[in-house]
A.B. asks: 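Before we start, here is the structure in question, set down as structure tokens.
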Amino acid sequence: MMSDLSIFDLKGFEIIDSRGNFTVRAKVKLGCGVTATGDAPAGASKGSREVVELRDERGSVEMAVKSINYYISPALIGMDSKFQTTVDKVLINLDGTENKSRLGANAMVATSIAVSKAASLALGVETFMHLGGSGPHIIPVPLMNILNGGLHAGNNLKIQEFMIIPVGFDTLKEALSASLVIYKALKSLVTEKYGKIYTAVGDEGGISPPLSKTEDALELVHSAVKRSGYEDKVLLGLDAAASNFYNKKEDKYEIDGNSKTRQEMIDFYVSLKDRYPLLYVEDPFEENDFKSFTELQSKMKGVLVSGDDIYTTNVKYLTKGIESGATKAVIVKVNQIGTITEAMEFVNLAKRHSIKTAISHRSGETEDSFIADLAVAVNSEFIKTGAPARGERTSKYNRLLEIEKEFGFEYMGKKLA
Ligand SMILES: O=C(O)[C@@H](CO)OP(=O)(O)O
Ligand SMILES: [Mg+2]
């Protein structure tokens with residue numbers, strides 16, 4: 001006999017995230033007694049079109065907790081947890097706003113995730129199977145941010161993320177073991193440069209040396225790859241998060257001590273690509289400049305220009321990007337849009353247009369490994385989940401290692417090189 005999968009109880013409460021802020025956790029209990037939790041992550045460099053969290057000036061998310069306890073819970077109790085789309089649609093309708101400001105996207109995301117995990121447990125299947133059916137068959141490639149700048153670090157680097165992309169391996173296990181060597185080589189290089197054991201890291205666990213020039217940071221990461229002997233197997237990526245250094249008044253980008261026009265920015269990225277093995281460049285321009293994304297993508301054929309703040313996991317903006325050929329890749333963050341169902345619709349739209357997807361963490365994270373399951377569920381080519389250190393990042397890598405070991409899915413690396 002099938003166990004009782006109806007939602008019996010749902011509660012919200014506050015927990016602490018990796019940046020030392022409160023965030024919201026939802027805990028759901030099903031009729032069969034199974035319980036599961038879901039956590040809302042939090043971004044620092046956010047797109048202006050993202051849906052909004054309920055959070056007060058002091059940083060408290062009590063309002064989101066109340067939203068779960070007093071509004072969401074009564075609406076979901078009694079519903080069948082295995083119908084994720086139906087549950088998410090109830091959340092969307094109950095909220096009724098464009099930017100999820102009534103229920104709060106943090107309350108909605110935590111609930112959506114908790115329900116998907118509880119249903120999987122009660123059904124006796126992995127969360128990626130519950131969400132992906134019989135389709136999942138690959139393990140995503142990490143876009144691994146090992147050197148932090150921008151809003152995530154205390155240095156003067158304007159580019160937010162310097163990533164290694166371990167493509168030339170047959171398994172995630174091999175890819176991660178090379179990445180660990182490179183991460184340590186980078187630490188040694190920085191320590192050699194600054195003369196003592198260098199421990200400063202940014203929000204995503206990447207080293208954050210006191211640099212101010214893009215090229216110096218790229219050179220350091222590239223040296224770490226070379227010193228480790230993986231030059232032919234590991235490519236590089238950037239997340240510029242360019243809205244953060246765009247000067248709207250002047251219509252210029254303030255970077256590396258210069259004010260650059262959009263044309264100069266295009267030349268800058270092209271020159272970096274000529275000197276470094278770049279595969280991936282995220283948010284190279286501010287979030288409204290679709291035209292420059294398109295121009296850069298057409299100039300850098302072998303590079304995946306990717307959209308994060310420009311799309312905010314919203315099909316409306318991706319549709320615009322598809323029309324103009326703005327990017328060959330997209331970032332997917334459930335909390336930019338509010339529910340798992342909407343994030344999966346976004347992924348499906350990208351896939352229909354052969355656009356590669358990167359399921360992504362936020363800079364403020366918890367130990368919830370849900371995004372690893374989501375990435376496998378939708379056969380995402382990439383996952384972005386930070387440095388291979390610190391529990392809130394490693395929980396996702398470790399979940400992927402577990403899935404690879406148990407199910408033997410194919411690692412995507414060599415297909416993306
Ligand atoms: O810009 C990004 O891609 C993200 C995650 O790396 O940062 P944040 O969560 O601060 O928006
Ligand atoms: Mg980004």
Side-chain angles (χ1 to χ4, degrees), residues 17-21 23 39-53 55 59 105-106 109 140 142-154 157-165 201-208 237-246 269 280-289 293 296 304-314 317-318 321 326-327 329-338 343 346 350 356-366 368 370-372 374-375 380 382-390 392-393 396-397:
D17 78 7
S18 59
R19 237 194 310 256
N21 295 323
T23 188
D39 300 346
S45 99
K46 296 197 217 168
S48 66
R49 296 183 285 259
E50 289 190 26
V51 293
V52 298
E53 304 181 296
R55 183 184 290 280
N106 44 355
V109 166
L143 296 166
M144 186 184 279
N145 179 11
I146 59 170
L147 195 151
N148 292 185
L151 293 188
H152 296 164
L157 289 169
K158 290 300 174 76
I159 301 278
Q160 180 177 284
E161 301 172 23
F162 295 82
M163 296 175 270
I164 52 170
I165 313 175
V201 293
D203 284 346
E204 299 184 351
I207 323 287
S208 66
L238 300 174
D239 180 3
S243 292
N244 297 324
F245 55 90
Y246 175 62
Y269 291 121
Y280 177 94
V281 179
E282 182 178 325
D283 283 354
F285 302 96
E286 57 96 10
E287 63 186 9
N288 297 303
D289 190 2
F293 274 77
L296 185 66
L304 298 166
V305 173
S306 177
D308 174 11
D309 293 352
I310 189 175
Y311 299 140
T312 58
T313 316
N314 189 322
Y317 306 112
L318 178 55
T327 68
V330 292
I331 279 286
V332 183
K333 295 167 173 166
V334 182
N335 82 329
Q336 280 183 328
I337 192 67
F346 180 84
K356 301 210 169 8
T357 59
I359 308 298
S360 171
H361 66 165
R362 300 306 306 243
S363 50
E365 268 293 332
T366 75
D368 192 337
F370 173 76
I371 60 162
L374 181 61
S380 181
F382 297 104
I383 186 164
K384 197 168 95 155
T385 190
R390 305 190 4 158
E392 80 280 6
R393 315 291 153 187
K396 285 75 163 171
Y397 290 124

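In each ligand, atom 1 is the first atom listed, and ligand 1 is the first ligand listed.
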A.B. asks: Taking 4.0 angstrom as the limit and counting only heavy atoms of Glu161, give me the atoms of ligand 1 inside it, by number and element.
C.D. replies: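 Listed by number with element: 1 (O), 2 (C), 3 (O), 4 (C), 5 (C), 6 (O).
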
A.B. asks: Just so I know, are the side chains of Met163 and Asn145 near enough to count as touching, which here means a heavy-atom distance under 4.5 Å?
C.D. replies: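 Met163 vs Asn145: side chains touch.
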
A.B. asks: Say whether, by atom type as modelled, one donor and one acceptor occur between the side chain of Tyr269 and the main chain of Pro284 under 3.5 angstrom.
C.D. replies: yes

A.B. asks: Can you list the atoms of ligand 1 that are under 4.0 Å from a heavy atom of Glu282?
C.D. replies: 3 (O)

A.B. asks: Do any of the N/O/S atoms of Asp239, backbone or side chain, fall under 2.8 Å from the Mg ion (ligand 2)?
C.D. replies: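 Asp239 does place an N, O or S atom closer than 2.8 Å to the Mg ion (ligand 2).
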
A.B. asks: Can you tell me how far apart OH (Tyr317) and CD1 (Ile337) are? Round to the nearest 0.5 Å.
C.D. replies: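 CD1 of Ile337 is found 8.5 Å from OH of Tyr317.
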
A.B. asks: Report yes or no: does a heavy atom of Asp308 sit under 4.0 Å from some atom of ligand 1?
C.D. replies: yes

A.B. asks: Show which atoms of ligand 1 fall inside a sub-4.0 Å distance from at least one heavy-atom site of Lys384.
C.D. replies: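 Listed by number with element, the hits are 2 (C), 3 (O), 6 (O).
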
A.B. asks: Using heavy-atom distances only, which candidate in Ser363, Ser360, Gly47 approaches atom 10 (O) of ligand 1 most closely?
C.D. replies: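 Comparing heavy atoms across Ser363, Ser360, Gly47, the nearest one to atom 10 (O) of ligand 1 lies in Ser363.
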
A.B. asks: Examine distances only and state if a side-chain atom of Asn335 and a backbone atom of Pro41 form a donor-acceptor pair shorter than 3.5 Å.
C.D. replies: yes

A.B. asks: Looking at Arg362, which atoms of ligand 1 are within less than 4.0 Å of one of its heavy atoms?
C.D. replies: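 Once the distances to Arg362 are compared, the set is 8 (P), 9 (O), 11 (O).
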
A.B. asks: Before accepting this row, confirm whether a basic side-chain N of the pair Arg362/Asp17 lies closer than 4.0 Å to the acidic partner's carboxylate O.
C.D. replies: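 Between Asp17 and Arg362 there is no salt bridge, as every charged N stays at least 4.0 Å from the carboxylate O atoms.
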
A.B. asks: In the protein, which heavy atom is nearest to atom 1 (O) of ligand 1, and how far is it?
C.D. replies: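 So the nearest neighbour among protein heavy atoms is Gln160 NE2, 2.9 Å.
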
A.B. asks: Looking at ligand 1, does any of its N/O atoms fall within less than 3.5 Å of an N/O of Ala44?
C.D. replies: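 Yes, Ala44 has an N/O under 3.5 Å of an N/O on ligand 1.
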
A.B. asks: Flag Lys333 as yes when one of its N or O atoms lies below 3.5 Å from any N or O atom of ligand 1, and as no otherwise.
C.D. replies: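 Yes; the residue has a nitrogen or oxygen that sits under 3.5 Å from a nitrogen or oxygen of the ligand.
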
A.B. asks: Please check: side-chain N/O of Thr313 versus main-chain N/O of Lys333, any donor-acceptor pairing under 3.5 Å?
C.D. replies: yes

A.B. asks: To check your reading of the model: name the closest protein heavy atom to atom 7 (O) of ligand 1, its residue, and the distance in Å.
C.D. replies: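 Ranking protein heavy atoms by distance from atom 7 (O) of ligand 1, first comes His152 CE1, 3.2 Å.
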
A.B. asks: Should you measure from each heavy atom of Glu204, which atoms of ligand 1 turn up under 4.0 Å away?
C.D. replies: 5 (C), 6 (O), 7 (O)

A.B. asks: Using atom types as modelled and distance alone, determine if a side-chain donor or acceptor of Arg49 lies under 3.5 Å from a backbone N or O of Glu287.
C.D. replies: yes

A.B. asks: Would you say the side-chain atoms of Ser363 and Asp203 include a donor-acceptor pair closer than 3.5 Å?
C.D. replies: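 Result is no, nothing qualifies.
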
A.B. asks: Side chain, backbone, both or neither: which part of Asp239 has a heavy atom under 4.0 Å from ligand 1?
C.D. replies: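 The answer is the side chain.
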
A.B. asks: For N/O/S atoms only: which one belongs to Glu282 and is nearest the Mg ion (ligand 2)?
C.D. replies: OE2

A.B. asks: Just wondering, is there an N, O or S atom on Asp308 that's nearer than 2.8 Å to the Mg ion (ligand 2)?
C.D. replies: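 True for Asp308.
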
A.B. asks: Would you call Glu282 and Lys384 a salt bridge, using N to O less than 4.0 angstrom?
C.D. replies: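 Salt bridge present between Glu282 and Lys384.
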
A.B. asks: Would you call Leu238 and Tyr280 a side-chain contact if the rule is heavy atoms closer than 4.5 Å?
C.D. replies: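 No, side chains not in contact.
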
A.B. asks: I want to know if ligand 1 touches Ser45 in the polar sense, i.e. an N/O pair below 3.5 angstrom.
C.D. replies: yes

